[in-house]
Amino acid sequence: MKVLVVGSGGREHALCRALSRDPAVSSIVCAPGNAGTADLAEPRPLDVGDPDAVAALAQSVQADLTIIGPEVPLVAGAADELRARGLTCFGPSAAAARLEGSKAFAKDVMRAAGVPTAAARDHTEIEPALADLDEFGPPYVVKYDGLAAGKGVTVTTDRAEAVAAVRSCLRRADDRVVIEEYLDGPEVSLFAIVTEAGTVVPLLPAQDHKRVGDGDTGPNTGGMGAYAPLPWAPPGLVPEVVDTVVRPVVDEMARRGTPFSGLLYAGLALTSRGVRVVEFNVRFGDPEVQAILALLATPLTDVLSGRRAPTWRSGAAVTVVVAASGYPQSPKVGDPISGLAAAQALTGVDILHAGTRRDADGRIVSSGGRVLCVTAIGSHLEAARGSAYEAISRLSLAGAHYRTDIGDLTRIGAPTWQAAPGGGASGSAERGP
Ligand code: AMP
Ligand code: GLY
């Protein structure tokens, strides 16, 4: 079958890589793609935010399946347009993509479905938003209510910074800000495939590191690295999250007449009071999916369609993002990258491209904030980590930076969270010793 992958980041390169290992896949198109996907998939220019253009491309390349990587085309209705033309697609409708597109909508669905999440209120006016800041107290959590590429959230103990964040979220008349209760405890990303028949298939849990600096310091980014699976996660975590989070949300969306299918990404905090949802996304998380797909042993198209349950290689995977100078505030682009072949040659290593392109001379240069997602598998987390950082040492990009503590349980502090006997999400969980 021919598969069209929509997008141009590390997630899409990881999808292309998994598809290239799938015996049912004869060819791949990745639009617009990057310098890495171009080795596996035919590149095509595409405005991913234009649903008509996405559907027209799927038709013209005669794609048997279209996988939509990023949230922007999903929220704009690309999946609806594809289905309206009778094309098969992996990704939710625009109505279902509101779970990511509007934090206020997601909160409403969670309330109706009884899903545990942080208390939150949304506002269009500054004064009542500031009153809520003081009612919730520090640490303050301020979110822009809309798509913000992972950068619309401020978590701070500094009231002046929180107030500034509220003001910057409310610049236009229709802007909305969400003020939220702070969630303590480690974060987990759990992805579940939801088939059109409503079957829920969880993937391996992963952990993403969103802050730019080691030790979770500095501003939030789109994600600086991830690892999977989580050796410290309690064995009952995945079934618990399916039962208390994913299934109720899928049922509630169906009840509303806007059924969800595609990838539901539950961003979770394992708090001292139990599992809480931080956010939903409606597509694979980047860079978590790079680590997760590196471990997938079942053909991807079988897993996406629900034909086969995923099976996993033993061991662990680590993805470290190599970011451009100035990321996340003002990434510098256009710099040549060298050492790619030497890094890729290491056993268990896969250099996935995120923000790269070929320049007029055929050199691979940086073209975005997150440039490379250096992914490695190993028999255990430390082995995978060692290979990933060995690969990075072979790469060269002027001014690049990366976190040195991805997957290092001794430095990120091996989370000790465990559900108390009798379950956690209802509030009976507690932090371990
Ligand atoms: P979001 O875009 O909602 O995923 O938020 C980005 C990041 O901000 C999350 O991954 C968390 O690290 C942090 N965050 C968001 N909401 C909260 C919260 N209520 N309490 C603590 N941290 C949060
Ligand atoms: N890894 C965070 C995200 O994809 O939103």
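Counting starts at 1 for both ligands and their atoms, in listed order.
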Peer 1: At the 4.0 Å heavy-atom cut-off, does Gly223 count as touching ligand 2?
Peer 2: no

Peer 1: Atom 11 (C) of ligand 1: which of Lys210, Arg211, Glu187 has the nearest heavy atom?
Peer 2: Glu187

Peer 1: Of the listed options (Lys210, Arg283, Glu100, Glu279), which comes nearest to atom 5 (O) of ligand 2 when hydrogens are ignored and any heavy atom counts?
Peer 2: Arg283

Peer 1: Would you kindly check if the NZ (Lys) or CZ (Arg) of Arg11 is within the cone defined by 45 degrees around the ring axis of Phe284 and under 6.0 Å from the six-membered ring centre?
Peer 2: no

Peer 1: Would Arg44 and Glu42 pass as an ion pair if we require N to O under 4.0 Å?
Peer 2: yes

Peer 1: With respect to Thr117, which candidate in Arg276, Lys107, Glu181 satisfies the side chain to side chain donor-acceptor pair (under 3.5 Å) definition?
Peer 2: Lys107

Peer 1: Under 4.0 Å between a Lys/Arg side-chain N and an Asp/Glu carboxylate O for Arg159 and Asp134?
Peer 2: yes

Peer 1: Suppose I only count heavy atoms of Asn281 and a 4.0 Å limit; which atoms of ligand 2 are within that range?
Peer 2: 5 (O)

Peer 1: Are Thr301 and Asp22 linked by a side-chain donor-acceptor pair shorter than 3.5 Å?
Peer 2: yes

Peer 1: Ligand 1 versus Asp184, non-hydrogen atoms closer than 4.0 Å: side chain, backbone, both, neither?
Peer 2: neither

Peer 1: Check whether any side-chain heavy atom of Tyr389 sits under 4.5 Å from a side-chain heavy atom of Val374, and report yes or no.
Peer 2: no

Peer 1: Side chain, backbone, both or neither: which part of Glu181 has a heavy atom under 4.0 Å from ligand 1?
Peer 2: backbone

Peer 1: Find all atoms of ligand 2 within a distance of less than 4.0 Å from any non-hydrogen atom belonging to Glu288, and give their numbers and elements.
Peer 2: 1 (N), 2 (C)

Peer 1: Between Arg83 and Asp80 (salt bridge meaning N to carboxylate O under 4.0 Å), is one present in this structure?
Peer 2: no

Peer 1: Just jot down the ligand 2 atoms closer than 4.0 angstrom to any heavy atom of Gly285, in number order.
Peer 2: 4 (O)

Peer 1: By side chain to side chain contact (heavy atoms under 4.5 Å, CB included), which residues pair with Glu187, not counting sequence neighbours?
Peer 2: Lys210

Peer 1: Is any side-chain heavy atom of Pro287 closer than 4.5 Å to one of Arg370?
Peer 2: yes

Peer 1: Looking at Asn220, which atoms of ligand 1 are within less than 4.0 Å of one of its heavy atoms?
Peer 2: 7 (C), 8 (O)

Peer 1: Counting only heavy atoms not in Arg313 (residues, nucleotides, ligands), do more than 12 fall under 6.0 Å from its CZ?
Peer 2: no

Peer 1: Thinking salt bridges, do Asp145 and Lys103 make one under a 4.0 Å N-O criterion?
Peer 2: no

Peer 1: Please determine whether any non-hydrogen atom of Gly222 lies less than 4.0 Å from an atom of ligand 2.
Peer 2: yes

Peer 1: Compare Val277, Val155, Val178 and give the one whose heavy atom is closest to atom 23 (C) of ligand 1.
Peer 2: Val155

Peer 1: Just jot down the ligand 1 atoms closer than 4.0 angstrom to any heavy atom of Val141, in number order.
Peer 2: 16 (N), 17 (C), 18 (C), 19 (N), 20 (N)

Peer 1: Is Tyr265 in contact with ligand 2, taking contact as a heavy-atom separation below 4.0 Å?
Peer 2: yes

Peer 1: Considering distance alone, does some N or O of Glu279 sit under 3.5 Å from an N or O of ligand 1?
Peer 2: yes

Peer 1: Side chain, backbone, both or neither: which part of Leu183 has a heavy atom under 4.0 Å from ligand 1?
Peer 2: both

Peer 1: Just jot down the ligand 2 atoms closer than 4.0 angstrom to any heavy atom of Asp208, in number order.
Peer 2: 1 (N), 2 (C)

Peer 1: Please lay out, stage by stage, how His13 and Asn34 fare under the test side-chain hydrogen bond (donor to acceptor under 3.5 Å, both in side chains).
Peer 2: CA-CA 8 Å; His13 195 182; Asn34 60 40; 4.6 Å; no

Peer 1: Can you sort out which atoms of ligand 1 are near Lys143, meaning under 4.0 Å from one of its heavy atoms?
Peer 2: 3 (O), 15 (C), 16 (N)

Peer 1: What atoms of ligand 1 come within less than 4.0 Å of a heavy atom belonging to Tyr182?
Peer 2: 20 (N), 21 (C)

Peer 1: Go through ligand 1 atom by atom and flag the ones less than 4.0 Å from a non-hydrogen atom of Lys103.
Peer 2: 1 (P), 2 (O), 3 (O)

